[in-house]
Structure formats: C-alpha cells, structure tokens
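What you see is a predicted model; the values in this text were computed from it and never measured.
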Amino acid sequence: MKFECMKNLIYTFVGNIALVLLTSCSAEFENGTPEPWQREINPNENYEYTIKHPCLVNTEADFERARRKVNECAEPWISGWQRLCDSRFAQLSYNPNPQEEIVRHSKGGNFNTAAFDAGAAYQLALRWKISGDEDYAKAAIKILNGWAKTCKGVNYKTWPDDSHRLLAAGFIGYQFAAPAELMRDYEGWKTEDFEIFKKWIDKTFYPICDDFLDNHFNSSAIAGWMSWDLPAMLTILSIGVLNDDDAKIKQALEFFYHGKGMGCIEWSVRGMHEDPEGKVKGRHLAQSQEMGRDQGHATLNVGLHAYFCRTAYNMGIDLFAYNDNIILDLCEYTAKYNLTSTEDVEMPFEPYYHPKYGWHEKVSADGKGRARPGWELLYNHYAKVKGMNAPYSQAFAEKERPEGYGERGTAEAGDLGFGTLLYTEE
C-alpha cells in the first residue's frame with residue numbers, strides 16, 4: 001500500500017512537472033514531444049502531387065479491377081459486391097433527409113442523419129461505378145444536391161460553441177466528399193449543381209476543421225486526441241482534392257508532418273516495441289496515443305489513417321512508407337490487441353501522461369475487439385502491393401472479410417468501407 005501511494009505521488013509530481021515545462025514554451029511543440037520516439041526520424045517529406053480524378057480513396061483502376069472480378073464471380077470480390085448490394089444504404093428506395101443545420105454537441109444532435117445520407121450517396125455511387133446502372137447515379141446525385149441546397153451549416157445556430165461540432169464537420173465532411181468525387185464525371189450531374197456542391201462542402205465543413213487544427217478551439221493541443229485531429233485533417237485533404245485547392249491539400253499534409261496536435265505523426269506514436277510473439281520483427285509495434293484511453297477510439301484511427309494515406313498515395317505521395325512504414329507499425333499494434341474481444345493479449349506498453357486525464361499505464365480493455373472498416377485497404381497495400389509482413393492486419397482483414405461499412409452510429413456512421421470489393425489486389 002505504501003509503495004503504491006509513493007508511486008502515485010511520484011507519477012503525479014513528474015506529470016505535473018512535464019505539463020508545466022510543456023505549456024510554458026512560447027510554442028507548445030517547439031521544444032520536442034512530451035515523450036519522444038525512441039527511433040530516428042527520417043521524414044522524406046513530399047508535397048509534390050498530381051491529381052487525376054477520381055482521386056480520393058478510390059481510383060478508376062480500383063473500379064476496373066472490381067468490375068472485372070465481379071463479372072467473373074471471383075472471390076473475394078463477388079462476396080464484397082454482395083455485401084454492398086445487401087446494404088440498406090445502397091438501395092434505390094433509400095430516402096434521404098437533408099437538414100438545414102447539422103448539429104452535434106456533448107449530449108447528442110442530428111448529425112447521424114447527415115452521416116447516413118453521405119454513406120448512402122457513397123454506396124449508391126459505388127453501385128453505379130461498378131454496374132453502370134444510371135439509376136444509382138441519379139439516386140446518389142439526389143442526395144448530394146439535396147444537402148447542398150438545403151443545409152446552411154454545422155452548429156451555426158444550435159450549440160455554436162460546443163467543441164463536438166468538430167466531430168460533425170470532421171467526419172461528415174470527408175464522407176460527403178468521397179461520393180462527390182466519384183460522381184464528378186457523371187454527365188447527369190449538371191455543372192452548376194456540382195459547383196454549388198463544391199462551394200457548399202467548402203463553406204460548411206472547412207472553416208470548423210481549419211479553426212480546430214489552428215488553435216484547437218483555444219485549448220491545449222497536447223491535451224487533445226488523435227481521433228479529433230485526424231478527421232479534421234482528412235476532411236481538409238478531401239475538400240482540397242475535390243475542389244483542386246492546392247492550399248488545403250498542402251495544409252493537411254503539413255499537419256501530418258509537423259502539426260501542433262496529436263494528428264501529427266510524430267505525436268501519434270507513444271512508444272515503439274518488439275512483438276512478444278515474434279511475428280513482427282524488430283521494434284515495429286507502434287503504440288498509438290489512444291491505446292491507453294479505449295479501443296473504440298484507438299481502432300477508429302486505423303481507418304482515418306488508411307483513408308488519409310490512400311488519398312495522398314493516389315496523388316503520388318507515399319505516406320504509407322513515411323518514416324519506415326510507421327503507419328503499418330501503428331496498425332499492427334492495434335490489430336494485435338483487438339483481434340479478440342475476450343482473450344488476454346500480452347502487450348508491451350510505454351506509460352505516458354495525458355495533461356487532462358493523467359497517467360495511462362497499460363492498454364485499456366474498454367471496447368476491446370472493436371471492428372471497423374479500413375483493414376482490407378491497409379493489409380492489401382502493405383502485404384500485396386509492397387510485399388511486407390503484416391500478420392496482425394492480415395488476420396484482422398480476414399476476420400472481417402467481406403468488409404462492410406461503418407453502420408453503427410456516432411463517429412463512424414455511414415463510414416466508407418467495402419475494402420474487400422475495392423482494395424483486394426490480385
């Protein structure tokens with residue numbers, strides 16, 4: 001008892017000293033990270049890109065492969081296609097419900113309405129791209145036009161100062177950008193309506209994401225979370241690509257490389273470890289910033305990283321390979337722990353201090369085994385395209401195959417997914 005008491009006193013003292021030192025800097029990050037990586041940083045930063053639309057998470061090459069494999073009834077693509085066709089959001093009977101205001105606050109809101117409609121637009125667009133049936137294109141356009149001509153903003157009247165407005169803007173922004181990018185070459189989408197949509201998505205979602213990444217709504221960046229920064233970064237990147245906006249694209253990339261927040265890749269990693277089972281060689285299990293918080297948030301970051309890196313990759317910027325494939329290291333650590341929801345898993349862990357919530361001393365079991373979309377994309381890129389060892393990401397992808405979408409509410413409502421159909425390499 002005395003030992004535990006003394007340990008807690010030491011932890012509290014050290015944590016408070018660290019917080020004082022960090023927050024006393026003229027710039028929060030200029031004197032290094034709270035817990036620096038135990039590895040050399042070899043940035044290989046790249047801001048040079050080429051856009052060939054469609055150029056967000058999906059390219060025309062993805063659809064060419066999916067069409068061919070579906071027509072051949074080849075596995076696992078045909079099972080992925082059937083998963084899409086069975087989705088309640090991918091039906092011509094889907095009835096969208098555009099709102100004048102998207103609202104998210106600490107007690108709830110109507111944000112899932114927008115998220116589910118965005119997800120439906122994406123899934124309908126996928127069915128058109130793969131089947132060629134224009135009825136699905138028209139249904140997707142109906143949703144996009146309806147929101148662009150009805151919605152006037154996020155929390156612009158209701159709970160305007162609630163910080164959760166960022167989660168609405170961050171997650172729903174990229175979810176609307178994805179189907180719009182797929183539909184931009186559909187002749188049935190009138191030019192004037194597409195321009196209205198581009199202006200709408202910019203003025204509705206970008207300012208909130210921009211404000212948050214700039215000053216975290218006047219709060220400390222080091223007291224934030226990856227799962228808040230990453231959706232804001234992804235929405236800014238997605239709007240930048242959709243609207244051919246160079247400044248937004250480079251803003252998102254700059255935050256990934258150097259941002260003052262937990263979405264910066266240097267800050268996302270809290271420790272580098274060896275695998276106790278030896279399946280991952282070397283110190284290539286990367287403990288993410290939210291592994292000590294809960295697995296609901298830790299697994300959410302997997303898909304966000306996947307979509308962000310895939311978008312950059314499709315423009316010629318290989319963030320998957322950045323800093324010796326650190327994204328893979330993050331995914332392998334997260335997958336290893338979450339492959340099972342019941343069994344104990346031996347996980348190395350580097351304790352770290354969160355300025356708002358105190359010490360995280362072990363992996364949190366809260367939400368263990370949470371399954372989200374994104375694993376097929378990551379596994380196929382690292383293992384199939386690059387020929388790398390990705391045992392835990394592979395196991396997670398196989399467990400979820402054929403991958404669906406984020407049907408559950410809150411952050412992942414209507415999320416993209418369908419990786420088995422779209423990302424499985426031959």
Side-chain angles (χ1 to χ4, degrees), residues 37-46 49 57-59 61-62 65 69 76-77 80 226 230 253 256-257 265-266 268-289 291 298-299 301-339 345-348 371-403 416-426:
W37 291 3
Q38 300 302 309
R39 66 192 265 162
E40 293 184 7
I41 297 175
N42 181 22
N44 297 318
E45 295 168 12
N46 183 11
Y49 62 88
V57 291
N58 308 119
T59 66
D62 296 328
R65 180 181 57 242
K69 292 300 183 179
W77 297 270
M226 290 169 65
L230 287 174
L253 294 171
F256 177 88
Y257 294 134
I265 192 61
E266 294 185 31
S268 297
V269 179
R270 316 308 297 168
M272 297 298 301
H273 307 281
E274 293 184 358
D275 182 7
E277 294 183 65
K279 293 181 179 180
V280 174
K281 306 302 180 183
R283 296 177 69 244
H284 282 286
L285 288 182
Q287 171 192 325
S288 80
Q289 185 240 357
M291 286 299 296
T299 56
N301 296 323
V302 171
L304 293 169
H305 268 142
Y307 301 147
F308 191 91
C309 293
R310 176 75 175 190
T311 299
Y313 186 80
N314 287 340
M315 296 188 294
I317 300 176
D318 192 357
L319 298 182
F320 287 115
Y322 183 82
N323 220 355
D324 196 17
N325 304 290
I326 189 65
I327 295 296
L328 174 61
D329 297 351
L330 284 163
C331 294
E332 286 294 282
Y333 187 103
T334 306
K336 177 181 173 68
Y337 184 70
N338 285 284
L339 274 169
V345 180
E346 181 184 356
M347 298 296 297
R372 297 182 184 274
W375 292 105
E376 284 278 32
L377 191 166
L378 290 156
Y379 159 65
N380 275 277
H381 180 83
Y382 282 111
K384 296 286 191 68
V385 175
K386 302 190 72 173
M388 297 183 65
N389 182 41
Y392 298 115
S393 296
Q394 177 178 351
F396 216 114
E398 291 173 349
K399 183 169 75 79
E400 295 302 307
R401 193 171 295 155
E403 187 178 83
L416 307 180
F418 297 101
T420 305
L421 172 65
L422 298 170
Y423 307 117
T424 299
E425 296 285 341
E426 297 182 70

Asks: About how many Å separate CE of M291 and OG1 of T334, when rounded to the nearest 0.5 Å?
Replies: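 Here the interatomic distance stands at 5.0 Å.
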Asks: Passes side chain to side chain contact (heavy atoms under 4.5 Å, CB included), L319 versus L253? Steps please.
Replies: CA-CA 9 Å; L319 298 182; L253 294 171; 4.1 Å; yes
Asks: Could you measure the distance from the CG atom of N323 to the OH atom of Y257? Nearest 0.5 Å is fine.
Replies: 11.0 Å
Asks: How are the rings of F396 and W375 set to each other: parallel, tilted or perpendicular (split at 30° and 60°)?
Replies: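 The arrangement is parallel - the two ring planes meet at less than 30°.
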Asks: Under the ring-ring contact (aromatic ring centres under 6.0 Å, His included) test, which residues partner Y382, sequence neighbours left out?
Replies: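 Only F320 meet the ring-ring contact (aromatic ring centres under 6.0 Å, His included) criterion with Y382.
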Asks: Between NZ of K281 and NZ of K279, what distance do you get to the nearest 0.5 Å?
Replies: 10.5 Å
Asks: Using the side-chain hydrogen bond (donor to acceptor under 3.5 Å, both in side chains) criterion, which residues pair with Q289? Sequence neighbours excluded.
Replies: none
Asks: Going by side-chain hydrogen bond (donor to acceptor under 3.5 Å, both in side chains), name the residues that satisfy it together with S393, two or more places apart in sequence or in a different chain.
Replies: E332
Asks: For Y379, check ring-ring contact (aromatic ring centres under 6.0 Å, His included) against everything at least two apart and list the hits.
Replies: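 Partners of Y379 under the ring-ring contact (aromatic ring centres under 6.0 Å, His included) test: none.
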Asks: Going from CD on Q394 to CE on M388, what distance comes out if it is rounded to the nearest 0.5 angstrom?
Replies: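 Q394 atom CD to M388 atom CE measures 13.5 Å (nearest 0.5 Å).
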Asks: Quick one: sort the H273 and Y333 rings into parallel, tilted or perpendicular, breaks at 30° and 60°.
Replies: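 Plane angle between 30° and 60°, so tilted.
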Asks: State which residues pass side chain to side chain contact (heavy atoms under 4.5 Å, CB included) with V345; sequence neighbours excluded, sorted by chain then number.
Replies: K336, Y337, T340, M347, K368
Asks: Could I get the full list of side chain to side chain contact (heavy atoms under 4.5 Å, CB included) partners for A306, not counting sequence neighbours?
Replies: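 Partners of A306 under the side chain to side chain contact (heavy atoms under 4.5 Å, CB included) test: L377, L378.
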Asks: Of all residues at least two apart in sequence or in a different chain, which pass the side-chain hydrogen bond (donor to acceptor under 3.5 Å, both in side chains) check with N58?
Replies: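 Only Y122, Y423 meet the side-chain hydrogen bond (donor to acceptor under 3.5 Å, both in side chains) criterion with N58.
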Asks: Can you list every pair that meets salt bridge (charged side-chain N to carboxylate O under 4.0 Å, His left out) and has a residue in residues 308-321, with sequence neighbours left out?
Replies: D62-R310
Asks: What residues form a side-chain hydrogen bond (donor to acceptor under 3.5 Å, both in side chains) with S288, not counting sequence neighbours?
Replies: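 Scan of S288 (side-chain hydrogen bond (donor to acceptor under 3.5 Å, both in side chains), adjacent residues dropped) gives none.
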Asks: Suppose the criterion is salt bridge (charged side-chain N to carboxylate O under 4.0 Å, His left out): which pairs have a residue in residues 375-389, not counting sequence neighbours?
Replies: E376-R401
Asks: Applying side chain to side chain contact (heavy atoms under 4.5 Å, CB included), name anything that partners E426, two or more places apart in sequence or on another chain.
Replies: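 Here the qualifying residues are R65, R68, K69, W77.
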Asks: In this structure, which one of N301, I265, N325 forms a side chain to side chain contact (heavy atoms under 4.5 Å, CB included) with L330?
Replies: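 In the set N301, I265, N325, the residue that makes a side chain to side chain contact (heavy atoms under 4.5 Å, CB included) with L330 is I265.
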Asks: Quick one: do the D275 and Y392 side chains pair a donor with an acceptor below 3.5 Å?
Replies: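 The answer is yes; a qualifying pair exists.
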